[in-house]
Visitor: 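Structure below; questions to follow.
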Amino acid sequence: MNAQDNNMQQERLLQEEVIDLRQYWRIVDRFKWRIAALAVAVAMLTAMVVFSMTPRYQATATLMIEAEQPKALSIEEVYGLDSSRKEYFLTQFEILKSRTIAEQVVARLNLTEHPLFDPDQKEPSFKEKVKGWLPFLASNEIVSEEEARQRKLESVTDAVSANLTISPVRNTQLVKITFESESPQLAAEIANTVAAVFIDSHLEAKLDMTQQATSWLNDRLEDLRVKLETSEAQLQAFQESQGLVDVAGVQGLAAQELNEITTQLIDARRDLKQAESIHALVQSRGTDIDALASLPEVLNHSVIANIKQAETEASRKVSELARRYGPKHPKMIAARDELESVQDKLRSEVRQLISGIQNDYQTAQADVRALERELAQAKGEYQQISRKETRYNELKREVEVNRQLYNAFLTRFKETSETSGFEAANARLMDPAVSPREPAKPKKKLIVALALVVSAMFGVMLAFLIEALNDGIRNPDDVENKLRQRMIGMLPWVKHDKDERLSLATFFDSSHHQFAEAVRTLRTSLVLSHLETPAKVISVTSSVPGEGKTTVAENLGFALAQMEKVLLIDADMRRPSVGKDFGLPVYHPGLSNLIAGSSTLGECIHHDEKSGLDVMPAGAVPPNPQEMLSSPRFTKALQVLMDKYDRVILDTAPAQVVSDALIVSRVADSMLYVVKADSTRQKMVTNGIGRLLQVGAKVDGVVLNQLDTSNKATYYGDYYGYDGEYGSYSATAKPQVAKPTAKASEKDLEVA
């Protein structure tokens with residue numbers, strides 16, 4: 001059982017996840033006539049409004065904006081516009097849309113006096129009419145004639161701007177000028193005038209700029225001429241005062257002299273440094289001649305070197321003679337005298353050389369000091385010459401700049417003056433506007449068609465909205481999907497008076513064979529649901545009154561009576577209607593009399609000859625119906641009746657109104673829950689069935705009553721079948737059934 005429940009739950013989830021397009025089509029098919037009526041009504045209303053509207057015409061002129069304009073001379077800088085840039089064209093488009101152009105068009109065509117624009121000549125609007133009807137809404141402001149004229153001009157200008165459309169043609173230099181008006185001639189005239197005003201305004205603007213530029217250049221030229229003359233005079237005066245002829249040559253000589261003195265000073269300092277080192281060595285050796293003679297600077301002197309060589313020769317000679325002769329020998333004496341003479345000469349030359357070194361050192365110092373003084377003087381003279389040159393160059397540059405400015409302005413002034421009489425337009429009219437023959441607005445056919453389509457779409461959306469808001473049970477699919485119950489049968493709606501109940505003869509009327517076949521189908525479903533253990537006591541209830549539970553119980557009794565012995569009991573003792581339907585008098589005894597014991601069974605039962613159905617009305621209305629239905633006598637009476645009849649049908653009170661149906665459910669073998677199609681809310685039906693299931697009622701399913709079958713495919717859905725000749729079976733033919741005994745013994749009704 002659990003596996004079966006899980007499979008059923010999975011099937012329901014799959015059904016919920018899948019979008020049923022047929023359901024949407026059924027909704028549209030159900031409301032199709034309402035949708036069509038709404039669409040047709042809206043289309044007709046739209047057509048009435050559209051055909052009453054004043055036609056409006058559109059005229060278009062094509063203007064070409066020049067990117068490269070012809071010029072006599074190159075003076076485009078005067079105007080400050082670069083026609084090669086994208087912003088140039090965007091600027092021209094905005095100028096075409098500007099209020100200035102619109103005002104010039106109004107003035108040129110005198111549109112303030114035109115009947116289509118003049119507020120005084122136009123028919124007053126509804127708002128103005130209301131102000132006229134209600135004086136307190138009118139404005140009491142007093143304006144002057146000039147202000148009134150200005151307001152009128154602004155109003156007409158606004159109207160022209162509102163109806164003017166500027167549309168650039170993509171990737172071209174063309175622009176479409178479109179004007180919309182009630183007059184085709186006026187539309188073409190205004191479109192062409194806008195183009196002409198744009199061209200003229202550009203020419204006027206260029207002429208004004210040229211004149212302004214010429215005047216400004218003339219003033220600036222005079223100022224620049226005075227500045228140039230002043231700067232030249234200052235340069236000449238400076239040259240004369242400083243005695244400058246060739247500043248560059250003088251500065252070159254000074255620089256050359258400065259370089260030579262610098263070179264000499266470098267050499268003198270090098271000599272001084274060398275003399276200073278030799279002098280320092282001489283000072284360190286003191287007066288020792290031998291030590292002074294050993295100095296490299298002394299030894300390297302040519303005279304000293306010669307004397308040293310002579311001394312060496314004399315010493316060698318003395319040494320050789322000493323090996324031959326004695327000290328007294330004249331040759332030895334002569335050799336020693338020669339050696340001493342050479343040595344004396346060496347000492348004399350060394351002293352003289354040392355004295356020369358000191359003199360050279362002092363001379364080098366004097367030369368360095370003299371050259372430093374001369375260099376400082378040369379630097380001063382050079383700096384002075386540099387300052388003069390700087391001032392000279394400054395004055396010269398000022399003269400050159402003033403001369404360049406003067407020449408540039410003079411050239412521009414000549415160009416502007418020469419081109420002042422030649423002004424080329426920046427645009428030309430390529431395709432003038434012509435008076436249109438057909439109105440552009442309103443597009444009546446298109447508007448009516450769109451209204452028809454949009455209203456139809458709105459109708460479909462409204463239908464879906466109504467369906468979404470309406471939670472009633474409309475078709476068999478709703479019974480299974482919303483109520484989660486089995487649909488055991490469905491009865492079609494039969495046309496009858498609204499304030500009257502459905503006639504009992506409907507089941508037997510051959511013209512309502514569809515209704516009879518639906519009842520028989522309900523009978524078959526009920527019988528097949530209880531093949532093993534037939535349901536002898538069948539209870540019929542609903543959620544609220546008016547859903548047709550009594551009609552279902554009566555017609556089910558007719559269908560079962562054709563095959564079995566059936567008793568129909570009106571167990572709704574609060575609002576009984578079965579006896580009234582069968583034409584029984586109000587005082588006829590019934591169920592309440594039987595339970596109370598005031599009448600016998602035979603007295604309470606009425607046999608209908610036409611249908612073969614036995615009927616037990618509710619009887620006298622008791623003050624306590626629930627206590628009577630809960631009494632043991634009611635149970636005992638049903639047991640007796642089940643022995644005498646094959647089926648006992650109980651028409652009980654609505655389950656959501658009172659609890660009578662809950663009490664009867666404990667003795668019923670089967671319960672049928674009647675739901676009026678597209679009427680009772682889902683929540684109410686669900687609560688009613690839930691109450692029955694809570695007390696253990698054996699609910700076999702739901703009977704969908706009063707189903708509108710005018711659109712069978714929509715409402716029957718998967719349950720739709722064939723009726724044709726199979727549905728024309730006459731309900732008047734019935735099988736022969738045994739008649740019940742009209743009277744029961746008192747013993748059968750004894751209650752323990």
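Atom set for the values below is all heavy atoms of this structure, side chains included, hydrogens, waters and symmetry mates excluded.
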Visitor: Using side chain to side chain contact (heavy atoms under 4.5 Å, CB included), reason through Leu504 and Lys610 one step at a time and then give a plain yes or no.
Guide: CA-CA 10 Å; Leu504 294 178; Lys610 183 178 181 180; over 6 Å; no
Visitor: With no hydrogens and no angle check, do the side chains of Arg486 and Ser529 hold a donor and an acceptor under 3.5 Å apart?
Guide: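 Result is yes, a qualifying pair exists.
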Visitor: At what distance, to the nearest 0.5 angstrom, does CE of Met53 lie from CE of Met48?
Guide: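 Going from CE on Met53 over to CE on Met48, the span is 14.0 Å.
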Visitor: If every non-hydrogen atom of Ala661 is compared with every non-hydrogen atom of Thr541, which pair is closest and at what distance?
Guide: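 Smallest heavy-atom distance, with atoms named: CB-OG1, 3.7 Å.
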Visitor: Anything under 30° is parallel, anything over 60° is perpendicular, the rest tilted; go ahead and classify Phe507 against Phe558.
Guide: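 The arrangement is tilted - the two ring planes meet at 30° to 60°.
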Visitor: Suppose we screen for ring pair (Phe, Tyr, Trp, His ring centres under 6.0 Å). Which residues come up paired with Phe464, at least two apart in sequence or across chains?
Guide: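 With neighbours one apart ignored, the set is Tyr24.
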Visitor: Just do the side chain to side chain contact (heavy atoms under 4.5 Å, CB included) check on Val578 and Leu568 with the steps written out, would you?
Guide: CA-CA 9 Å; Val578 174; Leu568 173 63; 3.9 Å; yes
Visitor: Is any side-chain heavy atom of Phe634 closer than 4.5 Å to a side-chain heavy atom of Ile663?
Guide: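 In short, these two side chains do not touch, never coming nearer than 4.5 Å.
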Visitor: Quick one: does Asn687's side chain have a donor or acceptor within less than 3.5 Å of a partner on Met684's backbone?
Guide: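 It does not hold such a pair.
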Visitor: Is there side-chain contact between Glu180 and Gln58, with heavy atoms separated by less than 4.5 Å?
Guide: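 With C-beta onward as the side chain, the pair touches.
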Visitor: With rounding to the nearest 0.5 angstrom, report the OG to CG distance, Ser542 to Leu672.
Guide: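 Between atom OG of Ser542 and atom CG of Leu672 there are 11.5 Å.
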Visitor: Tell me the closest heavy-atom pair linking Ser539 and Val664, and the distance in Å.
Guide: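 Distance-wise, the nearest heavy atoms are OG-CG1, 3.9 Å.
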Visitor: Nearest 0.5 Å, what's the CG-CG distance between Asp669 and Asp700?
Guide: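 One gets 9.5 Å once the value is rounded to the nearest 0.5 Å.
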Visitor: Is it true that a side-chain atom of Thr652 and a backbone atom of Val540 form a donor plus acceptor pair closer than 3.5 Å?
Guide: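 Checking the backbone N and O of Val540 against the side chain of Thr652, a donor-acceptor pair under 3.5 Å is found.
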Visitor: Going by heavy atoms in the side chains, are Gln485 and Leu693 under 4.5 Å from each other?
Guide: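 Heavy-atom side-chain distance check passes, below 4.5 Å.
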Visitor: Pro534 and Leu531: which non-hydrogen atoms are nearest, and at how many Å?
Guide: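 Closest approach of Pro534 to Leu531, heavy atoms only: CD-O, 4.5 Å.
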Visitor: Just wondering, more than 12 heavy atoms not from Lys580 lying within 6.0 Å of its NZ?
Guide: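 Atom NZ in Lys580 is not crowded, with 12 or fewer foreign heavy atoms closer than 6.0 Å.
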Visitor: Specify the closest pair of heavy atoms between Pro545 and Val657, including all atoms of both residues, with the distance to one decimal.
Guide: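 So the two residues come closest at CD-CG2, 3.6 Å.
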Visitor: Strictly by modelled atom types, are Arg681 and Ser543 linked by a side-chain donor-acceptor pair under 3.5 Å?
Guide: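 No - no donor-acceptor pair under 3.5 Å links their side chains.
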Visitor: Charged N to carboxylate O under 4.0 angstrom, Lys549 versus Asp651?
Guide: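 Here Lys549 pairs with Asp651 in a salt bridge, since their nearest N and O are under 4.0 Å apart.
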Visitor: Taking the side chain as everything from C-beta on, heavy atoms only, tell me whether Val685 gets closer than 4.5 Å to Val702.
Guide: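 Not touching, per the 4.5 Å side-chain cut-off.
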Visitor: Check whether Asn555 reaches the backbone of Thr551 with its side chain - one donor and one acceptor, N or O, closer than 3.5 Å.
Guide: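 Here the side-chain-to-backbone pair exists.
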Visitor: Given side chains that start at C-beta, do those of Arg56 and Asn163 come closer than 4.5 Å, heavy atoms only?
Guide: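 Heavy-atom side-chain distance check passes, below 4.5 Å.
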Visitor: Nearest 0.5 Å, please: how far is CD in Glu547 from CG in Asn705?
Guide: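 Rounded to the nearest 0.5 Å, the CG-CD separation comes to 8.5 Å.
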Visitor: Is any side-chain heavy atom of Phe515 less than 4.5 Å from a side-chain heavy atom of Leu502?
Guide: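 Touching, per the 4.5 Å side-chain cut-off.
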Visitor: Mind checking whether Asp660 and Met573 have side chains closer than 4.5 Å, heavy atoms only?
Guide: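 With C-beta onward as the side chain, the pair stays apart.
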Visitor: First locate atom CG of Leu560, then atom CZ of Arg647, and finally report the distance between them rounded to the nearest 0.5 Å.
Guide: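 It is 6.0 Å, given to the nearest 0.5 Å.
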Visitor: Taking Tyr645's backbone N and O only, do any of them form a donor-acceptor pair with Lys536's side chain (distance below 3.5 Å, no angle check)?
Guide: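 Yes.
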Visitor: Please determine whether side chain to side chain contact (heavy atoms under 4.5 Å, CB included) holds for the pair Val615 and Asp581, giving the CA-CA distance in whole Å, both sets of side-chain angles, and the decisive distance to 0.1 Å.
Guide: CA-CA 11 Å; Val615 179; Asp581 291 344; over 6 Å; no
Visitor: Carefully, step by step, assess Asp570 and Leu591 under the rule side chain to side chain contact (heavy atoms under 4.5 Å, CB included).
Guide: CA-CA 7 Å; Asp570 190 354; Leu591 180 61; over 6 Å; no
Visitor: Verify, without hydrogens or angle tests, whether Asp646 (side chain) and Lys565 (backbone) share a donor-acceptor contact under 3.5 angstrom.
Guide: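 Looks like yes, one N/O pair under 3.5 Å.
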Visitor: Are the side chain of Ser592 and the backbone of Ala620 linked by a donor-acceptor contact shorter than 3.5 Å?
Guide: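 Judged by distance alone, yes, a pair lies under 3.5 Å.
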Visitor: The criterion is side-chain hydrogen bond (donor to acceptor under 3.5 Å, both in side chains); which residues satisfy it with Arg666, sequence neighbours excluded?
Guide: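 None.
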Visitor: Closest heavy-atom contact between Thr635 and Val667?
Guide: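 Thr635 and Val667 have their closest heavy atoms at OG1-CG1, 4.1 Å.
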Visitor: Is any side-chain heavy atom of Lys644 closer than 4.5 Å to one of Leu601?
Guide: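 Answer yes - side chains close enough.
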Visitor: State the CD-NZ distance between Glu480 and Lys482, to the nearest 0.5 angstrom.
Guide: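 The NZ atom of Lys482 is 13.0 Å from CD of Glu480, to the nearest 0.5 Å.
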Visitor: Sub-3.5 Å donor-acceptor pair from the side chain of Ser630 to the main-chain atoms of Glu627, do we have one?
Guide: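 Not a single qualifying donor-acceptor pair exists.
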Visitor: Which heavy atom of Asn593 sits nearest to which heavy atom of Cys604, and what is that distance?
Guide: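 What the structure gives for the nearest pair is CB-SG, 4.3 Å.
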